[in-house]
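First the structure, in the form of structure tokens, and then the observations on it.
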Amino acid sequence: MTRYFLKALGAHFRAGKSLYLLTVVGVALGVASVLSIQIINRNALAAFRGSVTAVSGEADLSVMGRTPSFSESVYPKVLATPGVRAAWPMYRVEVILDEGKESASLTDRLFMEIIGLDFFAPMDIPWRGTSMDLSSPMETSGWAAVTPLMADRMGWEKGGKFKVASGSRQVDLTVGAMVDFQALSPLASPKLIVMDIGQAQDLFGQLGRIHQVDVKLAEGADVYTVQAALEYRLGETVRVVTPAQREQQAEGLMSAFRLNLTALSMISLFVGLFLVYSSTQASLVRRREEFGLLRSIGSTRKQVFWLIIGEVGILGACGVAIGIPLGYWAAQSNVEMVSATLTNLYLLSEISTLELPFWLYGLSAAIGIGGAVSGAVIPALDISRRDTRALLASFTLHEKISSLAPLSFVAGILILILSSLWYLLGGQAWLHAGFVLAVALLVGLPLLAPLMVREICGLIRARSFGFMYSLKGLGVRLQTTAFAVASLAIAVSMLIGITLMIGSFKKTLEVWIGTSIQADIYITPTSWRGKDGGGTLDPDIVETMTDHPSVAAVDRLRGFRAYTGDRRITLAGVEMGLLGGESRFPLISGDTESAYRQVIEEGAVLVGETLARKVNLWAGDLISIFTAKGEVPFSIAGVYYDYSTDGGAVIMDLSTMSRVFDDGPVNSVALYLKEGYDPEVVVDQLKTSLPGSSLQIRSNRRLRTEVFKIFDQTFAITQLLKGMSLLIAVCGITLMLLVLAREQVSELALYRAIGARRSQIFSVYVGKGLGMGLFGLLLGSVGGFLLAGLLIFVINRAYFGWTIQPHFDGWPILQQAATILGAAVIASLYPAIRASRTPATELSRDQ
Amino acid sequence: MDNDSNQIALAFDRVSKVYETAESGPRDVLDSLTFEIRQGQTIAVVGRSGSGKSTLLNLAAGIDVPSDGEVSLFGRELSKLGDEERTLLRRDHVGLIFQFFHLLQHLTVRDNVSLSAMIAGEKPRDFDPRVDALLDRVGLADRGGDRVQKLSGGEMQRVAICRALLMNPKLLLADEPTGNLDDENGGRVMDLMLSLAREEGMTLVYVTHSREFADLADDVWEIHGGKVEAQSETTEPQKGREQGSKGEVRNR
């Protein structure tokens, strides 16, 4: 049987190359989708881990602040804690490379991190080249060690100068040495700069302040015992974490983002496996006579079964062999896009290198081969169990799927109804309930396809050899057509669902920005990303801005990272008393006027919706926030719509912030202009008054444009996955039509024999492709609207805590529909050409 | 093309057909075949399996092209025509009947009969009356809305005959029209086919394994070794056969 298997494999491949190639492509695309996302996901976290390892590689524990920075007086306390063998302080600040371009947009800035280290601390600093003379870092002002990669990228040499900015403070640095963090940790970001800690503190105006103390334990000391001892000794203003706990927190920050990517890639895989199932099914139907012959001359059912599985396994392996490099290429092509998103929204770490751990190869093989084989098991069992006579019969093969269509439809409806009931009756309490509903939708929806196609086609009365005749024919070979329709319906559901969700999100954001970004001009430091206190504005600069004759009112914002419990949040202090300013923070519920009065007069806070949902705290509750003076409870006056972060935010009045966090510089200033002044003109005047400063001075209009640029960038990877799913589904149409052309060769020969021209056959087949597209679009539209509802009302709310107002914009949907139908037509061109070439002599052969 | 019975409907002039096979090299199916069939004649073609009977019909219909020689249909040399022209000639002037009927399962009886007219782009109001007349003629007027799966073998072949005749062809080619039927049904189908062909003055060429059915034709040709070997020519159609109503035949 092995010899027959190998001979048959070669013969069938030569006879039906396109069918086999499409099967392989289906597997390859499915594997590539999942693999590319897994590579990016793993490496995103690994980049963070790499940077942690590079900087804190030897540390057993790290002391981190619950406020933006903490006093270096913590350091001797750490050293004095039992169990601590060594410790070294760190000063960390995010800066932007100041290339003299004032108007660098949000998405084009080059962020770097400066780490101030005590060079005499017992830690391993990977200097490139010979041993370091440690007098230079102390004596040379602005002495900095950069990574070799960064030096190559920027064309820096030893002794060369460059400028960085943190807030409105500009600092000149000199390349003193190379520090190769990637020698310690290959995935470490190349954007790290090392300086002497004292110099760093001085140059950035934070003498006496540090951000981290890394700890090395004495031999035999228990890490958790020392951790508890440090927490007790140091108080609530700091956290003591292990490297694993730090990574866990980063993972938590990115979890929703990564989960969504994974879910999208699984959908692409699902569609790909559908394709494999369909092509296997079609291939087996085509070879039913062969199997019938084998059975009639003595092959057992088991032999036939394993013959089929073996062939599919080989095709799956070929798909994996293509899918792995394709997935890596896709990951590499998109790493910049994802990296930018991560940098913009979550962490500084960029993904600079992609690693492919060995187990990912195994995962790919399991997905590709396992998926292909699992897709073939049912049809293989079916074929191997069939009656030998039925296998040998030709032309009038009984369509089992047609009789099962009603059952399949009922099963699909039941899945949808039961999953919905489960959700409504308690399932919603589970965080992942939304994904369960989505899976139920994607499983139940395709089951509706066979009956839908059969019944609609059955209603058609074709009185001419045209499009209606094409449509009617789709109801005949349900085994073939229904699967193509089903897989296209899934892809369409995804396309429409995600389009509607993104459209609704964007509209919600537009409305929200319309209320929250009301000032005419916004001034922020170029280095400020809205999440920490590093980028502050010099008070003199603030005064210069606010003294401009065009200014009617000023809104100052001071913001930095803070902690409530173990949850990192963004804390912002604003001028709550600004006239009409309450409309900046539209509330989800509650009376706006009384809420604002509480914030201004009683020191209450407003909590962002994301945070409120995650910690389940609402108006009237208390929220505790760690301050320089310890944990302080604040009354929650209201919950506001917040789309600026998925991590959670709290707003308080500036005076409250000064009271609990001491006075401090602001990060952003918003100017309201008097009547008659053109914001763009005033922007130019302000820039002229501050030449060479590293400030972003933007009009309201310009800021909105940039916000949406980040929004689009965030969803760019989603668009890629949508495209891949559509490509896979379209491949399914091509495959199914090729199979149809093969199955219907006698029918096509008959048409040719009784006078149909090639162009007519061609048109009929293009009509079939268009028909499949229409059916897929119809079913997929229903699925798409349901999926959009899930994404908007369930998944986004559960994972990100955002309320998205549903918004239906017909134009993008129409564009999607046109794309889908166009793709279906294009997918049908090659099969239509093949079908039109069917010679009428095939009829004689069939006889 | 006029209806003159002296007009040559089909002519083969030294026609050869060679099939290339991978294993055993070229295979001569027809070897320099030459004949003429006049309009209105009925020819039965007999021969062993693989002798080239179906190939002869395919060449006659313009479905296939000869390796050598010339096939003329109603005076038009098929080699001078492209695929599209041959297809249109076949569509408008040739009717085809097959052993296994080749009806489409997903269409009704009526739609199967209408197929060639639909392909020709005719409007339903133009071909519906013809369909009705043909179904009535073969005794299936009340089965028009049925799926073909519900028909017996003989009924299916009658539907196939209606389909072949819908476009009023001048030439009717039948490849073993009774091969899948029992003797009784086979006889009915033969009688129907022959009577319809003669009523309309069509030229009929049919392949058969049955000597009895072969003898119903004006001439019987035997194909052997790629050549027409035995030809029995009669100047008049078979005598003594009575036409029954609704396609039934009474034996001589």
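Both backbone and side-chain heavy atoms feed into the values below; hydrogens, waters and symmetry mates do not. Here is how names work: the chains are called A, B, and so on, in the same order as the sequence lines, proteins then strands, and each is numbered from 1.
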*With only heavy atoms counted, which part of B:Leu57 is less than 4.5 Å from chain A, the side chain, the backbone, both or neither?*
neither
*Of all of B:Met167, B:Lys123, B:Met118, B:Glu84, which one pairs up most often with chain A through heavy atoms under 4.5 Å apart?*
B:Met118
*Could you walk me through whether B:Thr87 and A:Arg758 pass the side-chain contact (heavy atoms from CB on, under 4.5 Å) check?*
CA-CA 9 Å; B:Thr87 303; A:Arg758 280 185 184 165; over 6 Å; no
*asked:* More than 12 heavy atoms of other residues, nucleotides or ligands under 6.0 Å from CZ of A:Arg461: yes or no?
replied: yes
*Where do A:Thr841 and B:Asn58 come nearest, in terms of heavy atoms and distance?*
CG2-ND2, 4.0 Å
*Select one option (side chain, backbone, both, neither) describing which atoms of B:Arg163 are under 4.5 Å from chain A's heavy atoms.*
side chain
*Of the listed residues (B:Gly62, B:Pro124, B:Gly121, B:Ala164), which shares the most heavy-atom pairs with chain A below a 4.5 Å separation?*
B:Pro124
*Roughly how far, to the nearest 0.5 Å, is the CG atom of B:Leu103 from the CD atom of A:Glu747?*
11.5 Å
*Does the side-chain contact (heavy atoms from CB on, under 4.5 Å) test come out yes or no for B:Asp111 and A:Arg463, once each step is laid out?*
CA-CA 8 Å; B:Asp111 287 340; A:Arg463 301 309 322 274; 4.1 Å; yes
*Examine whether an atom of B:Arg110 lies under 4.5 Å from a heavy atom of chain A, and if so say whether it belongs to the side chain, the backbone or both; otherwise answer neither.*
side chain
*Could I get the full list of side chain to side chain contact (heavy atoms under 4.5 Å, CB included) partners for B:Asn180, not counting sequence neighbours?*
B:Gln99, B:Phe100, B:Phe101
*Apply the test side-chain contact (heavy atoms from CB on, under 4.5 Å) to residues B:Leu104 and A:Val476: give CA-CA distance (whole Å), side-chain angles for both, the deciding distance (0.1 Å), then the verdict.*
CA-CA 10 Å; B:Leu104 298 178; A:Val476 179; over 6 Å; no
*Which region of A:Ala462, side chain (C-beta onward) or backbone (N, CA, C, O), has a non-hydrogen atom less than 4.5 Å from a non-hydrogen atom of chain B, or is it both or neither?*
backbone
*If we only count heavy atoms from C-beta on, is the B:Ile119 to A:Tyr469 side-chain gap below 4.5 Å?*
no
*Quick one: what part of B:Leu96 sits under 4.5 Å from any heavy atom of chain A, side chain, backbone, both or neither?*
side chain
*Between B:Asp83 and A:Arg752, does at least one N-O distance fall below 4.0 Å, as a salt bridge requires?*
yes
_A:Ile754 vs B:His102, side-chain contact (heavy atoms from CB on, under 4.5 Å): CA-CA, chis, key distance, verdict_ = CA-CA 11 Å; A:Ile754 62 175; B:His102 287 314; over 6 Å; no
